[in-house]
K.L.:
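I have a structure here, written as structure tokens, and I will follow up with some questions on it.
Note: hydrogens, waters and symmetry copies are ignored here, and every other heavy atom, side chains too, is used. Residues take their numbers from the sequence shown, with the count starting at 1.
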Amino acid sequence: MSNELSAPGTSPRVPRPGTQKSSGSATKKGERAAKEKPGAVLPPVGEEESKNPEEYQCTGVLETDFAELCTRLGYTDFPKVVVRPRPHPIFVPSASLSEKPTQDDQRLSTSCSLNSLESKYVFFRPTIQVELEQEDNKLVKEIFIRGWRVDDRILGILSKCLPPLSQLQAINFWKVGLTDKTLTTFISLLPLCSSTLRKVSLEGNPLPEQSFHKLMASDSTIAHLSLRNNNIDDHGARLLGQALSTLHTCNRTLVSLNLGFNHIGDQGAGYIADGLRLNRSLLWLSLAHNRIQDKGALKLAEVLRPFELTHTEVVERRRLLLEKGSQERSRSPSSSRHGDSREKSQMIGVSSIALVDKPEKMQAMKTPKGLSKKKEKPGEVVKKDEKSGSGQSPTQGASKKEDATKSGKGKVTIPEQKLSKGKSIKTGSKEKRSIFLESELVAEATEMVNPLLEPMEHRDGKVFMPGNKVLLHLNLLRNHITEVGLEGFLTAVRYQVQFSKPKTSSKGPVGLLWLSLAKNYFDPQCPTYIMIQELMLPRDPVKAKLKEEEATDFST
């Protein structure tokens, strides 16, 4: 009995089923964690090297490349690459659809409302919008970044993603918080991109140093540049005007420039006008919504009609003529013989003019000697004429300069300046003819002629350059221009209409085709403004095409 009673007391307690199960599961979890833990701590060999963003080779697909590089740099939440949404077409209800909507229409409207509600929230998330080619949906044509800050790290990622895009044509940054430093980084990125990139838009990015002119350097390939709403003032306009053209440099690739919605005043408009003096590539310029008054308007209008060259421009023009003339003579050896014969004929006329006021005996003695010496040694005659300062034509002086440039250039500029101050009416006409010949030779030799080598007009001892006839579109909407500024534009438009006709001229510039002066400080019924509109209306190609279409529709 004792053994029987003691047996149940000494026997161990049976554990509960739940307790045994939980302990078993705990041991299994511990074993599983022990097995999985070494795999998480010890990465495979070479995994860190594969995550290096510098060693990643871009595939040319922007969505894949951008996401992969952001992941490798440690970005957890980065902007997504999405296709740019297109505006919905305007829906015009017809008579048949004016009845009660069907059940399918109600379902469609409900889904559209849900999509629009979702798109409103998605709109505020940072994205990179792209516009794709119609033929190939993988080729990116245009990039839009709007409303979120683009820092150095994002620009570093773009510097690797954008160069493989072979069909990239435009980059648009709107309110991305650019600084002068990040702008410099962005400019260094542009040469790495495809040669098809021609359009850059930086809007809503005011910079303290206003260094937007760096986008218009002489080696830039940008053709279309938009700098709206960047708080550009007269200081920034001065830098942009110098980037358009100076006496020695000129931008030859920029076609359109949009400077609307800035703070450019009269002084800034004058700087832009100075840049248009020698620029022959810009076709489209917008200065709408600025602070330009009559003084700045008159400066812009002055460039569109013949304007007087400054002294430095005249000196530079003569230097270019001498250089081009010497290059032309060195290319063709036969031209030097023709030049010598031309010099002989001119020397005969000059010697006869110089000896008119002298006695007949001196004229009879010196004229045969001069002629005999020209037949024997023409080089000696040129040396003697170089010593005599009176009776020289500008063409003759220019030929002497070309010969003197071989020995030294410093001795040439001083006598040429003296001749220009005291030239007569006859010598001015000869100079004009010689300049026409020189400019024609230069035009044949080079594709783009320097504007200083264009045919000039001489009046009252001054040199006048023809107005800028390359600019086709000028927008001065909503400025502070009054009727005083309108008078200057009326004179410019009359000149453009008289000397440049778009329909008759097949080659060369056609002149101003579109001029916007609306919403300024003058009455729209002002006679000057009405006259400008009447002169410009036949030149507007859009309105002329509409009139032709209306005429054809009426005739049919």
K.L.:
Do you know the tightest heavy-atom contact between I143 and I128?
P.N.:
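I143 and I128 have their closest heavy atoms at CG2-CG2, 3.9 Å.
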K.L.:
Between S188 and T185, does any side-chain donor sit less than 3.5 Å from a side-chain acceptor?
P.N.:
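No pair is found: no donor N or O on one side chain lies under 3.5 Å from an acceptor on the other.
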K.L.:
Is a side-chain donor-acceptor pair under 3.5 Å present for T249 with T246?
P.N.:
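Per modelled atom types, T246 and T249 side chains form a pair under 3.5 Å.
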K.L.:
So, D65 versus T59: side-chain donor-acceptor pair below 3.5 Å or not?
P.N.:
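There is such a pair between these side chains.
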K.L.:
Hey, do the aromatic rings of F186 and F173 have their centres closer than 6.0 Å?
P.N.:
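Yes, the ring centres sit under 6.0 Å apart.
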K.L.:
Is it the case that the ring center of F307 lies less than 6.0 angstrom away from the ring center of F464?
P.N.:
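Ring-ring flag for F464/F307: false, centres at least 6.0 Å apart.
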K.L.:
Is there a side-chain contact between S195 and T221 (heavy atoms, below 4.5 Å)?
P.N.:
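Of all side-chain heavy-atom pairs linking T221 with S195, none is under 4.5 Å.
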K.L.:
Do NZ/NE/NH1/NH2 and the carboxylate oxygens of K214 and E209 come within less than 4.0 Å?
P.N.:
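Looking at E209 together with K214, the answer is no, because their closest N to O distance does not fall below 4.0 Å.
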K.L.:
Taking all atoms of both residues into account, what is the closest heavy-atom pair of D266 and D294, and its distance?
P.N.:
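That closest heavy-atom pairing would be OD1-N, 4.2 Å.
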K.L.:
Under the side chain to side chain contact (heavy atoms under 4.5 Å, CB included) test against I292, which residue among I272, N520, L476 passes?
P.N.:
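Between I292 and the candidates, side chain to side chain contact (heavy atoms under 4.5 Å, CB included) is satisfied uniquely by L476.
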K.L.:
Compare all side-chain heavy atoms of P79 with those of T127 and state whether any distance is below 4.5 angstrom.
P.N.:
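Result no, sub-4.5 Å side-chain heavy-atom pair not found.
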K.L.:
Can you list everything that forms a salt bridge (charged side-chain N to carboxylate O under 4.0 Å, His left out) with E131? Sequence neighbours excluded, please.
P.N.:
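Per chain and number, E131 pairs via salt bridge (charged side-chain N to carboxylate O under 4.0 Å, His left out) with R84, R86, K141.
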K.L.:
Thinking salt bridges, do E313 and R277 make one under a 4.0 Å N-O criterion?
P.N.:
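So E313 pairs with R277 through a salt bridge.
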K.L.:
Is the shortest distance from a Lys or Arg side-chain nitrogen in D77 or R125 to a carboxylate oxygen in the other one below 4.0 Å?
P.N.:
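So D77 pairs with R125 through a salt bridge.
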K.L.:
With sequence neighbours left out, which residue pairs that include part of residues 222-240 fulfil the salt bridge (charged side-chain N to carboxylate O under 4.0 Å, His left out) condition?
P.N.:
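Every salt bridge (charged side-chain N to carboxylate O under 4.0 Å, His left out) pair that includes a residue of residues 222-240, provided the two are not neighbours, is E203-R228.
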K.L.:
What closest approach, in Å, do Y495 and L304 show between heavy atoms, and which atom pair accounts for it?
P.N.:
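Closest heavy-atom pair between Y495 and L304: CD2-O, 3.4 Å.
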K.L.:
Can you list every salt bridge (charged side-chain N to carboxylate O under 4.0 Å, His left out) pair that touches residues 159-180, not counting sequence neighbours?
P.N.:
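Counting only pairs at least two positions apart or across chains, no salt bridge (charged side-chain N to carboxylate O under 4.0 Å, His left out) contact touches residues 159-180.
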